[in-house]
S.K.: 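Sharing a structure with you now.
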Amino acid sequence: MGESETTGAAVADAAAIEVRGLRKSFGELEVLRGIDVTVRRGEVVCVIGPSGSGKSTLLRCVNLLEEPTSGTVRVAGTEVTDPEVDIDRVRRRIGMVFQSFNLFPHLTALGNLTIAQRRVLGRGRAEAEEVARHNLRRVGLTDKESGYPAQLSGGQQQRVAIARALSMGPELMLFDEPTSALDPELVGDVLAVMRGLADEGMTMLVVTHEMSFAREVADRVVFMDDGLIVEEGPPEQVVGAPRQARTRAFLSRVLDPAAAGGPESGTARPEPPAEPPGRAPEEVRKRPLR
Ligand SMILES: Nc1ncnc2c1ncn2[C@@H]1O[C@H](COP(=O)(O)OP(=O)(O)OP(=O)(O)O)[C@@H](O)[C@H]1O
Ligand SMILES: [Mg+2]
C-alpha cells in the first residue's frame with residue numbers, strides 16, 4: 001500500500017494509463033472508434049456517457065479483458081497491447097471493481113480477500129490475513145470479516161470487493177459503475193470509500209452515473225458517446241457547463257430522467273442501465289480467480 005502511493009515529481013513523467021488511437025470492434029460493430037485518454041498518477045478520471053457508448057469496453061481494454069482491435073494501451077509505461085507482454089503481471093497492478101461484486105459465495109469476507117493473495121501473489125496465510133484485515137478496516141468492515149456474501153448488504157459486498165482489489169496492492173483502480181446495482185441508501189457508503197481512496201492518492205478510472213461524485217472527486221471528466229470522446233475536461237466544465245450539445249443532452253437526461261422522457265439511455269439511479277444480454281456470464285468468467 002504505502003509503496004503504491006506515489007506523490008511528487010519523480011514519477012510524473014510516466015502516465016498511469018495512456019490510451020492512444022484505441023479501436024475495438026465486435027464483428028461488424030465498431031464500439032470504440034479511436035480513443036485517446038491519459039490518466040496521470042494520482043488522478044481520478046470519471047467516464048460518463050449513454051448506455052452502449054463503449055465505457056465498459058474502454059475499461060476492459062485497459063487490462064485486456066478485451067483485446068483492442070488497434071491502438072495502444074500503456075499502463076505505468078508498460079505497453080499492455082504488446083503481444084510479448086506478461087499480461088498477468090500487468091493485471092496484478094490493476095484493481096478492477098465491477099457493478100456485480102463477483103464475490104465467492106462460499107467464502108467469508110476474509111476468505112474472499114485472502115484467496116487471490118495466496119494463490120496469485122503466493123502470500124502465506126498470516127500475511128494475507130493481515131493485509132485483508134487492514135483493507136477491511138479501510139472500507140469500514142472490520143466487524144464483517146466472518147460474514148458470507150449472502151449475509152452482507154449489497155453496499156457491504158461491494159466494499160468487500162473493493163477491499164479485495166486493494167489487498168492485491170494495485171497501483172491503479174478501475175471502477176465500472178460500482179454503485180449502479182445498489183439500493184440508493186447504500187450508494188453513499190461505497191462512494192465514501194472511493195472518495196477516501198482518491199484522497200489517499202490512488203489513481204482511479206471510474207465509469208459512473210453519479211454526477212455529484214464526478215463533480216466533487218474527479219480531476220477530469222470524460223464524456224463518451226458512440227465510441228468516441230466527445231468532451232473532456234475538469235468537472236466544472238464537462239458536468240457544470242458542457243460545451244457540446246451531446247453532453248448537454250446526456251446530462252439533462254441523467255440529472256432529470258423523468259423530465260427527459262424516461263430511461264432509454266444513460267440512466268441515473270434509481271433505475272440502473274440494463275446490462276446487455278450475455279454480459280454477466282462473461283464478467284463471471286473473467287473474474288480474477290477460479
Ligand atoms: N463481448 C461483446 N460482444 C459483442 N458486443 C459487445 C460486447 N461487449 C460489448 N458489446 C457492445 O458494445 C457496445 C458498447 O458496450 P459497452 O458495454 O462498452 O457500453 P457502456 O457504455 O458500458 O454501456 P452501459 O452504460 O450500458 O454499461 C454495445 O453496443 C454492446 O452491446
Ligand atoms: Mg458499461
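No hydrogens, no waters, no symmetry mates; every other heavy atom, side chains included, goes into these values. Both ligands and their constituent atoms are indexed starting at 1 by order of listing.
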S.K.: Between T57 and ligand 1, find which residue part has any heavy-atom pair under 4.0 Å and reply side chain, backbone, both or neither.
M.R.: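 Both of them.
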S.K.: Using heavy atoms and a 4.0 Å limit, tell me yes or no: is L29 in contact with ligand 1?
M.R.: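 Within the 4.0 Å threshold, so yes.
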S.K.: Compute the minimum heavy-atom distance from G49 to ligand 1 and say whether it is under 4.0 Å.
M.R.: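 False for this residue.
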S.K.: Side chains of Q117 and E127: do they bring a donor and an acceptor to under 3.5 Å?
M.R.: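 Not at all, the side chains of Q117 and E127 share no donor-acceptor pair under 3.5 Å.
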S.K.: Under the side chain to side chain contact (heavy atoms under 4.5 Å, CB included) test against I17, which residue among V37, T38, L174 passes?
M.R.: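 Only one option passes, and that is L174.
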S.K.: Between ligand 1 and G52, is the shortest N or O to N or O distance under 3.5 Å?
M.R.: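 Between G52 and ligand 1, an N or O pair is found under 3.5 Å apart.
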S.K.: Do the side chain of Q158 and the main chain of F98 share a donor and acceptor less than 3.5 angstrom apart?
M.R.: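 Yes; judged by distance alone, with no hydrogens or angles, the pair exists.
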S.K.: Looking at the Mg ion (ligand 2), is there an N, O or S atom belonging to T57 that lies under 2.8 Å away from it?
M.R.: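 No N, O or S atom of T57 is closer than 2.8 Å to the Mg ion (ligand 2), so no.
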S.K.: Is ligand 1 less than 4.0 angstrom away from at least one heavy atom of P50?
M.R.: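 The answer is yes, since P50 has a heavy atom less than 4.0 Å from ligand 1.
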S.K.: Please check if any side-chain donor atom of T81 sits under 3.5 Å from a side-chain acceptor atom of R74, or the reverse.
M.R.: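 The answer is no; no qualifying pair exists.
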S.K.: Check each heavy atom of V207 against ligand 1 and say whether those closer than 4.0 Å belong to the side chain, the backbone, both or neither.
M.R.: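 The answer is neither.
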S.K.: Please indicate whether E67 has more than 12 foreign heavy atoms, meaning atoms of other residues, nucleotides or ligands, lying under 6.0 Å from its CD.
M.R.: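 For E67, atom CD is not crowded (no more than 12 foreign heavy atoms under 6.0 Å).
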S.K.: Should the heavy atoms of other residues, nucleotides or ligands under 6.0 Å from CD of E216 be counted, would the total exceed 12?
M.R.: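 Result for CD/E216: enclosed.
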S.K.: Applying a 4.0 Å heavy-atom criterion (strictly less than), which segment of M224 is in contact with ligand 1: side chain, backbone, both, or neither?
M.R.: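 Answer for M224: neither.
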S.K.: Is it true that atom CZ of R243 has more than 12 heavy atoms of other residues, nucleotides or ligands lying nearer than 6.0 Å?
M.R.: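 Atom CZ in R243 is not packed in, count stays at 12 or less.
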S.K.: Which of the numbered atoms in ligand 1 are below 4.0 angstrom from a heavy atom of S53?
M.R.: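 What qualifies from ligand 1 is 19 (O), 21 (O).
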